[in-house]
There are 2 protein chains.
Amino acid sequence: MEKQKKPDKKMNKPIATVGSSTYQRIKHDIIFGELNPGAKLKLEALKQRYSASSSTLRETLNRLASEGFVEAPEQRGFFVTPVSREDLIEITELRVLLECHALEQSIKNGDTDWEGNLVAAHHKLHLMEQRMLAGDHSEKEMWKRYDWEFHLAMIEACNSKNLLSLHSTLYDKYLRYQMLVLTYRGEEAVVEHKAMFDAALARDASKAKQLLEEHIRNGLEHTLAAM
Amino acid sequence: MEKQKKPDKKMNKPIATVGSSTYQRIKHDIIFGELNPGAKLKLEALKQRYSASSSTLRETLNRLASEGFVEAPEQRGFFVTPVSREDLIEITELRVLLECHALEQSIKNGDTDWEGNLVAAHHKLHLMEQRMLAGDHSEKEMWKRYDWEFHLAMIEACNSKNLLSLHSTLYDKYLRYQMLVLTYRGEEAVVEHKAMFDAALARDASKAKQLLEEHIRNGLEHTLAAM
DNA sequence: ATTTGCAATAATATCTGATATTTTTTGTTT
DNA sequence: AAACAAAAAATATCAGATATTATTGCAAAT
């Protein structure tokens, strides 16, 4: 018999520590361009802005550095990682490679739960897309979340924590470029999402992969054009 | 008396900060099993062992956590990331995916310098392999270095910093499992290395990829069997 | 005997402030 | 404009202090 988890009074505690909330806030600010690419991150300034001590901030910045959102040249402090066309292209290529592979596995392994989640995620994304098309650009953040949740739902059954984790950072890096250019790709993306969704549900892995690759590459072109 | 430094204008300074050297040492100790999988990493103990302050150590551990060598459950300190068969399999699959892709690109883009480096790297690896076959297992570290340098030399011309950096972490994770089982695969690996080397120099990308995939998968079988 | 409750202990997360070094800036001189 | 030294700013590192949380030990209750 498996050891039952103690159903004791201790509930899940979503209480964030200063460290983890600072981490999220800085990462968010980098991704959404509130901290500009290349900007110097001076400890004093950050202490003010995020009301955290330098110890905590240095821990956070080290973490972000190892994920690639921050650069930390020895002895010279911290900088927001700069952006470049080459970097965007590299990120995109990696995303194609990893996300397509994950999608294939996911379609192979996905069970009913996976399908259910995917349907829900697509539905929510679709609603949001209608609002964006209707001109309501007020909720970048929400749109971003739903797009992410949809892409995640597609690959979630790939059965590899390592893959999902790599993909997640990659997606965030891509997202920063997306947020940088601020433009919404519109109808095309809607159509592509729907097509991928259908292919995935139909368990047509090779078609789904192909659509996903095009979708990601189209996004790249769109972003490059706007840079 | 190495205290005094040449006040040369622009000299490379390979002088490690406490932070970076601690980082390297702990990472090394995890990879080479001197810190066991799952082990609790108590600050007090680490302070002793690495003679660094808790601030510095926490920075280091955060970095290692974000790379996946350390786990850091909120409010409960740090642990060496445990090992498992599933994890090893995931790591291997990812390595196949990334390294094969990188190899293909590298063969496509590699110039004369790349070839030169590759020849040199294979030569050094080969020498070391002869000594290993002859029974000299005293230099695990060196063998590891040469194997790494060979694999790196093959993919170095892939033209993607992001890819190389992901691959490097992945390789280190694989290496930990390798070091864990302590056995040397021997002649087979030597032959495989040579075959890959030849295919790469002959610019036969698809053959090289296939050989590399087999090479990595054979390594996995070997390690799994010994676990 | 196992579970429950709670005090005692250990360990963590966070902050402050100090110091030695290094980088960057500034101002002067050639 | 280049070179350079002095001054200022910022970093890396450390040693505590404190509040909070996790873990352990053990007695009481089931």
Side-chain angles (χ1 to χ4, degrees), chain A residues 1-27 35 38-66 70-82, chain B residues 1-27 35 38-66 70-82:
Chain A
M1 203 65 181
E2 317 281 300
K3 192 133 200 180
Q4 264 301 279
K5 187 131 6 131
K6 331 181 96 171
D8 57 61
K9 38 211 93 180
K10 300 207 156 178
M11 301 292 300
N12 280 355
K13 36 176 67 176
I15 306 143
T17 71
V18 177
S20 67
S21 106
T22 306
Y23 166 77
Q24 281 168 211
R25 288 175 61 201
I26 298 188
K27 184 166 169 179
L35 292 169
K40 179 80 205 279
L41 297 168
K42 294 210 197 82
L43 271 299
E44 267 317 312
L46 297 183
K47 277 166 75 166
Q48 289 291 119
R49 175 159 183 173
Y50 298 100
S51 19
S53 70
S54 22
S55 334
T56 304
L57 281 165
R58 289 185 55 90
E59 287 179 27
T60 298
L61 293 172
N62 270 288
R63 228 160 120 191
L64 289 168
S66 112
V70 160
E71 288 190 345
E74 204 108 292
Q75 228 101 40
R76 315 206 299 106
F78 302 92
F79 301 80
V80 176
T81 301
Chain B
M1 305 242 164
E2 55 281 351
K3 176 59 185 177
Q4 68 141 316
K5 264 192 346 190
K6 300 277 192 85
D8 276 352
K9 336 271 166 172
K10 293 256 158 99
M11 240 187 63
N12 278 357
K13 36 179 66 177
I15 304 143
T17 73
V18 177
S20 67
S21 106
T22 306
Y23 166 77
Q24 280 167 213
R25 288 175 62 200
I26 298 187
K27 183 164 168 180
L35 292 169
K40 179 80 203 281
L41 296 168
K42 295 211 198 81
L43 271 300
E44 269 315 314
L46 297 183
K47 274 166 78 165
Q48 290 290 119
R49 175 160 181 173
Y50 297 100
S51 17
S53 70
S54 22
S55 333
T56 303
L57 281 165
R58 287 186 56 90
E59 287 178 27
T60 298
L61 293 171
N62 270 289
R63 230 161 118 188
L64 289 168
S66 111
V70 159
E71 289 191 344
E74 204 108 291
Q75 228 99 36
R76 315 205 300 107
F78 302 92
F79 301 80
V80 177
T81 300

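By convention in this document, chain letters (A, B, ...) are assigned in the order of the sequence lines, proteins followed by strands, and residues within each chain are numbered from 1. The structure displayed is predicted, hence computed values, not measured ones. All heavy atoms count here, side chains included; hydrogens, waters and symmetry mates do not.
Rounding to the nearest 0.5 angstrom, the gap separating the CG atom in Leu64(A) from the CG atom in Asn62(B) is 10.0 Å.
One interatomic measurement links the two molecules: CZ of Arg63(B) to P of dA12(D), which rounds to 11 Å at whole-angstrom precision. Between the CG atom of Leu46(B) and the C1' atom of dA13(C) there is a distance of 16 Å, rounded to whole Å. Rounded to an integer number of Å, the gap from Leu57(A) CG to dA12(D) C1' is 15 Å. With rounding to whole Å, Phe79(A) atom CZ is found 10 Å from dT23(C) atom C1'.
Contact record, Thr17(A) with Glu74(B): CG2-CG, 3.4 Å, taken as the closest heavy-atom pair. Taking all atoms of both residues into account, the shortest heavy-atom contact from Phe79(B) to Gly38(B) is CD2-O, 3.8 Å. A pairwise comparison of heavy atoms in Thr60(B) and Tyr23(B) identifies CG2-CA, 3.5 Å as the closest pair.
By the salt bridge (Lys or Arg N to Asp or Glu O under 4.0 Å) test, Arg58(B) is found to be paired with Glu59(A), residues two or more places apart in sequence or in another chain being considered. The side-chain hydrogen bond (donor to acceptor under 3.5 Å, both in side chains) test applied to Thr56(A) returns Ser53(A), not counting sequence neighbours. With sequence neighbours left out, the side-chain hydrogen bond (donor to acceptor under 3.5 Å, both in side chains) criterion links Ser66(A) to Ser66(B). Qualifying side-chain hydrogen bond (donor to acceptor under 3.5 Å, both in side chains) partners for Ser21(A), counting only residues two or more places apart in sequence or in other chains: none. Thr22(B) meets the side-chain hydrogen bond (donor to acceptor under 3.5 Å, both in side chains) test with no other residue; sequence neighbours excluded.
Ile26(A) is listed as a side-chain neighbour of Leu57(A), based on a closest heavy-atom distance under 4.5 Å.
Comparing the axis of the opening five pairs of the helix from dA1(C)-dT30(D) to dT30(C)-dA1(D) with that of the closing five pairs yields an angle of 30°, rounded to 10°.
Counting non-hydrogen atoms under 4.0 angstrom, Thr56(B) reaches the backbone sugars and phosphates but no base.
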Nucleotide N/O to protein N/O under 3.5 Å, stretch nucleotides 18-20 of chain C:
none

Which protein N or O atoms sit under 3.5 Å from an N or O of nucleotides 5-11 of chain D?
| unit_1 | atom_1 | unit_2 | atom_2 | d |
| --- | --- | --- | --- | --- |
| dT11(D) | OP1 | Lys40(A) | NZ | 3.2 |

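Contact between the side-chain N/O atoms of Thr17(A) and the OP1/OP2 oxygens of dT14(C) is found at a separation under 4.0 Å.
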Return a table of donor-acceptor pairs under 3.5 angstrom between the side chains of residues 42-50 of chain A and protein atoms on other chains or two or more places apart.
| unit_1 | atom_1 | unit_2 | atom_2 | d |
| --- | --- | --- | --- | --- |
| Arg49(A) | NH2 | Asp29(A) | OD2 | 3.3 |
| Tyr50(A) | OH | Asp29(A) | OD2 | 2.7 |

